[in-house]
Student: 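Structure in C-alpha cells, see below.
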Amino acid sequence: MKTIKTTYILFSLLAVAIIFSGCRKEGCTDPEAINYNSKAKKDDGSCEYADPELGEGTLSIMFDHRWGMNQAEFSMNTTFTHPGTSEEITFTTLNYYISNIKLQRPDGSWWKETESYHLIEVDENSTPSLTIANVPGGNYTAVQYMIGVDSLRNVSGAQTGALSPSKDMFWNWNTGYIFVKAEGDADVAENGIFRYHLGGFRNENQTNAIQIKTHAFLGEELEINNSKNIDIRLIVNAARFWHGGLSLTERPTIHMPGEAAVNMATNFGDGFILAEFSND
Amino acid sequence: MGRFFPIILFCCALVISCKKQKNITPLQTGLFGEVPAYFPEPVYTFQTDNSFSKSGFELGRKLFFDINLSKDNSISCASCHFQHAAFSDPGLAVSVGVFGRSGRRNSPPLFNLAWHPAFMWDGGINHIEVMPLAPLLDEHEMDMTLQELLEYLNNETEYQTLFKEVFNRSEITDQDLLYAFSQYMALLISADSRYDQYVQGKTSFSTSEQNGLALFNQHCSNCHNPPLFSTFSYANNGIGVTENDQGRYEITLQEEDKGKFKIPSLRNINLTYPYMHDGSISTLEEVIDHYSKPKSDSTHVSPELRPGFNFSSKEKQELLSFLNTLTDEEFITNKAYGEK
C-alpha cells in the first residue's frame, strides 16, 4: 500500500514538473554567445562569451581550382583533357554551395557561423573566396563545412539570400537544391555538351549527396583576435567529376538526385584538399 | 482508476509539454470561417516572416489572376485552375500554357492544399511556399524567369504598395512573391459539402447515398481517406505507365514507384472532369467502371485493385450518388476566392 502511495506522489510530482519545465531542450539561447545552441528553447545559464579582449577576426577561405593529377591551373572556357579518356572538356559553369561552416576549438567544441550559406561561382576568376567577418577571438584547430545544403533547408519552403531560387541552383519540379552545377562543352558527348546537376538530401534510397569536409590544421592552433585572421586555401580539383575513369560518352548528364549524383558528388568532394593556411 | 490517474497525468504531461515549440506561426485558417473539428492539423507551419494576414491573402489572390506573370501575357494561374470547377481545368485532359503549348498532365483542383505534404501528381514538390515556382517557370505553363517576374512587380506601383504593406521590405523579392502565393493557396479551404453537413448532423443522406458511403468505406477509403478524401500517399490504380509519364518513379527512381501517382482528393469530384493524371477518363461513371473491372497488369497495380470490385449497376449508382455529395457549392461561388 505504502509503495503505491509513494509511486502515486512521485508520478504526480514528475508530471507537474514536466508540464512546467516544458520538456524543452535546455542550453544557451543567446545568439551572441560562443556556445549558442540554436536547438535550445530554455536558457540554462550556461552561455559563455568570447573574451572581449580578444575581439573578433576574419576567416577567409579561397577555392583554388585546379585540373588533374599535376594540379594544373584551371580556368573557365578553356579546353582540358579528360584524365582517363583524353576526351576534350570545356567548362562554362561551375557553381557550388558551401554551407554550415564551423571552426573547432582546442577543447573539441565548435564555433558555427549562423545562416552559413555561400554560393561559390567560378568565373574569369578561378580562385573565388568567401569571407566571414566577426569570428569570435580564440584558438582554433580545424575547419569544417558542407558541400551542399543541409536537408532542413531543402524542405523548409521559400528561402532567401544565397539560397534564393533565383540563383538557379534549385530544382522546382523535384524540390531541392542543386549543390554542384557543372556545365560545358564536350564534343564527344551527345549534343556536344555535358551538364551535371548534383544534389539530393534524403537518406532513403541512398540519395544523400551532401559532403561534409573537415580539415585539421595539422596539429596547430590558429588564433583569431582583433589583429589576427585565418586564411585558408583549398585546392578544388575540377577533374574529379570524372574520377575513376567515368567517360563523357558514358555519362554526359546528371539532372536529378540518385546514385549517379551521389557518386559524382562524393568524387568531387574528395577533390577538396587543404593546401595552405596562414594566421596573420 | 484512482491508481492510474498519476500515470495518465504523467503521459498527458509528456504529450502537452513535448509538443513542438518552434518559432513559427500556425496557419490561421480562421480568416475564412472555421475548419471542421474533424479535420486534422494542417501539415505546414510557416516561417515567422510569412505571417498570414487578410492583405497577404488579397495580394496572393491578385497574383493568382494576373496574366502578366506569363511570357506572352496571356496565362494566369487561373487559366488552368478555374474556381467554378474547384480550381481545376474542366473538360481539358491536359492544360494549355503560353503560346498554346500543351503540358502532359491534367490540371488538378486546388483546395485544402495546406494538408498536402507534397504537390503534383508525382509529389515532387515538398512545400506549399515553393509550389508556384514550377508553373511560373515551366516553359509549358507560364515560362518566366524570376528576374523577369521581379522586374515586372517592382515596376508596378500597385504591387509596390501592396507588397510593402504586407512584407514591409524596400524591394519585392522572390521570397515575398512566394509567401504571398502561399497565403492565398493555403486558405483555399473546401469543407462545406453536403457530406460535411451530413457528418455535422445538419442534413441526412438518402438510402442510395448511405449505401454509397458504405461501399466507399469498404473499397475506396484506404486510399481516398476522409475527411480530406486522400491519404496523400502514392498508388498505382491501373491507369498505366507510359514512356511519357512514369509518375512517382520520376522522383524516386525506385522500380516499385513506376506508375504510382499521388492519390487525389475526391472532394468536388463531379466538377473536375476529366479524371486521372492524364485526363484519360471522362466521366465518374467510367471511373467506377474502371475500378469494377479486373486489371491485367499484375506487376505494378496496387494488389487490392487487381481483381476488380465487380460492382452491380445498383452499386455503381449508389457510389456515384455518394461521390456527388462531396461537392462544395459554397467554395466554388465564394467571391472571396475569385477574381476581384
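The chains referred to below are lettered A, B, ... by the order of the sequence lines, with proteins before strands, and numbering in each begins at 1.
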Student: How close do A/V155 and B/H127 get, counting heavy atoms only, and between which atoms?
Tutor: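 Looking at all heavy atoms of both residues, the shortest contact is O-CD2, 3.4 Å.
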Student: Assess whether atom CD of B/E156 is packed by more than 12 heavy atoms of other residues, nucleotides or ligands within 6.0 Å.
Tutor: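 Yes, CD of B/E156 has more than 12 neighbouring heavy atoms, counting only those of other groups under 6.0 Å.
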Student: Between B/T173 and chain A, which part of the residue has a heavy atom less than 4.5 Å away: side chain, backbone, both or neither?
Tutor: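 Interface part for B/T173: neither.
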Student: For the CG atom of A/N172 and the CE atom of B/M120, what is their distance to the nearest 0.5 Å?
Tutor: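 It is 8.5 Å, given to the nearest 0.5 Å.
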Student: For A/R195, is the CZ atom crowded, meaning more than 12 foreign heavy atoms sit under 6.0 Å from it?
Tutor: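 It does not: A/R195 CZ has 12 such atoms or fewer within range.
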Student: Is there a donor-acceptor pair closer than 3.5 Å between any side-chain N or O of A/S166 and the backbone N or O of B/L146?
Tutor: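 Side chain of A/S166 to backbone of B/L146: no pair is present.
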Student: Could you state the interatomic distance from CG (B/N126) to CZ (A/R202), rounded to the nearest 0.5 Å?
Tutor: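 One gets 6.0 Å once the value is rounded to the nearest 0.5 Å.
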Student: In terms of heavy-atom contacts, does CD of B/Q254 have more than 12 from other residues, nucleotides or ligands at under 6.0 Å?
Tutor: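 Atom CD in B/Q254 is packed in, count exceeds 12.
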Student: Count the heavy atoms belonging to other residues, nucleotides or ligands that lie under 6.0 Å from CD of A/Q206, then report whether that count exceeds 12.
Tutor: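 No, the 6.0 Å shell around CD holds no more than 12 heavy atoms from other groups.
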Student: If a pair satisfies side chain to side chain donor-acceptor pair (under 3.5 Å) and one of its residues is in residues 148-157 of chain A, list it, with sequence neighbours excluded.
Tutor: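 Sorted result for residues 148-157 of chain A: A/N100-A/D150, A/E115-A/R153, A/Y117-A/D150, A/R153-A/Q159.
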Student: Just give me the residue among A/G258, A/P165, A/S164 that pairs up with chain B most often, heavy atom to heavy atom, under 4.5 Å.
Tutor: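 Ranked by heavy-atom pairs under 4.5 Å with chain B, first place is A/P165.
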Student: Nearest 0.5 angstrom please: A/W173 CH2 to B/L133 CG, how far?
Tutor: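 One finds 14.0 Å between CH2 of A/W173 and CG of B/L133.
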Student: Is atom NZ of A/K112 surrounded by more than 12 heavy atoms (other residues, nucleotides or ligands) closer than 6.0 Å?
Tutor: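 Not buried by this count: 12 neighbours or fewer within 6.0 Å.
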Student: Can you see which heavy atom on A/M256 is nearest to which on B/E250, and at what distance?
Tutor: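 Minimum heavy-atom separation between A/M256 and B/E250: CE-O, 2.9 Å.
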Student: Going from CG on A/L163 to CD on B/Q175, what distance comes out if it is rounded to the nearest 0.5 angstrom?
Tutor: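 Between A/L163 CG and B/Q175 CD, I get 10.0 Å after rounding to 0.5 Å.
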Student: Please check if atom CD in B/E256 has more than 12 non-hydrogen atoms from other residues, nucleotides or ligands closer than 6.0 Å.
Tutor: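 Count over threshold, so yes.
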Student: Looking at B/D174, B/L178, B/L253, which makes the most heavy-atom pairs under 4.5 Å with chain A?
Tutor: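 Ranked by contacts with chain A, first place is B/D174.
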Student: Between atom CG of B/L137 and atom CZ of A/F170, what is the distance when rounded to the nearest 0.5 Å?
Tutor: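 Nearest 0.5 Å value for the CG-CZ distance: 10.0 Å.
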Student: Take atom CD in B/E41; do more than 12 heavy atoms of anything else shown fall under 6.0 Å from it?
Tutor: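 No.
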Student: Please state whether the side chain, the backbone, both or neither of B/Y179 comes within less than 4.5 Å of a heavy atom of chain A.
Tutor: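 Just the side chain, heavy atoms under 4.5 Å.
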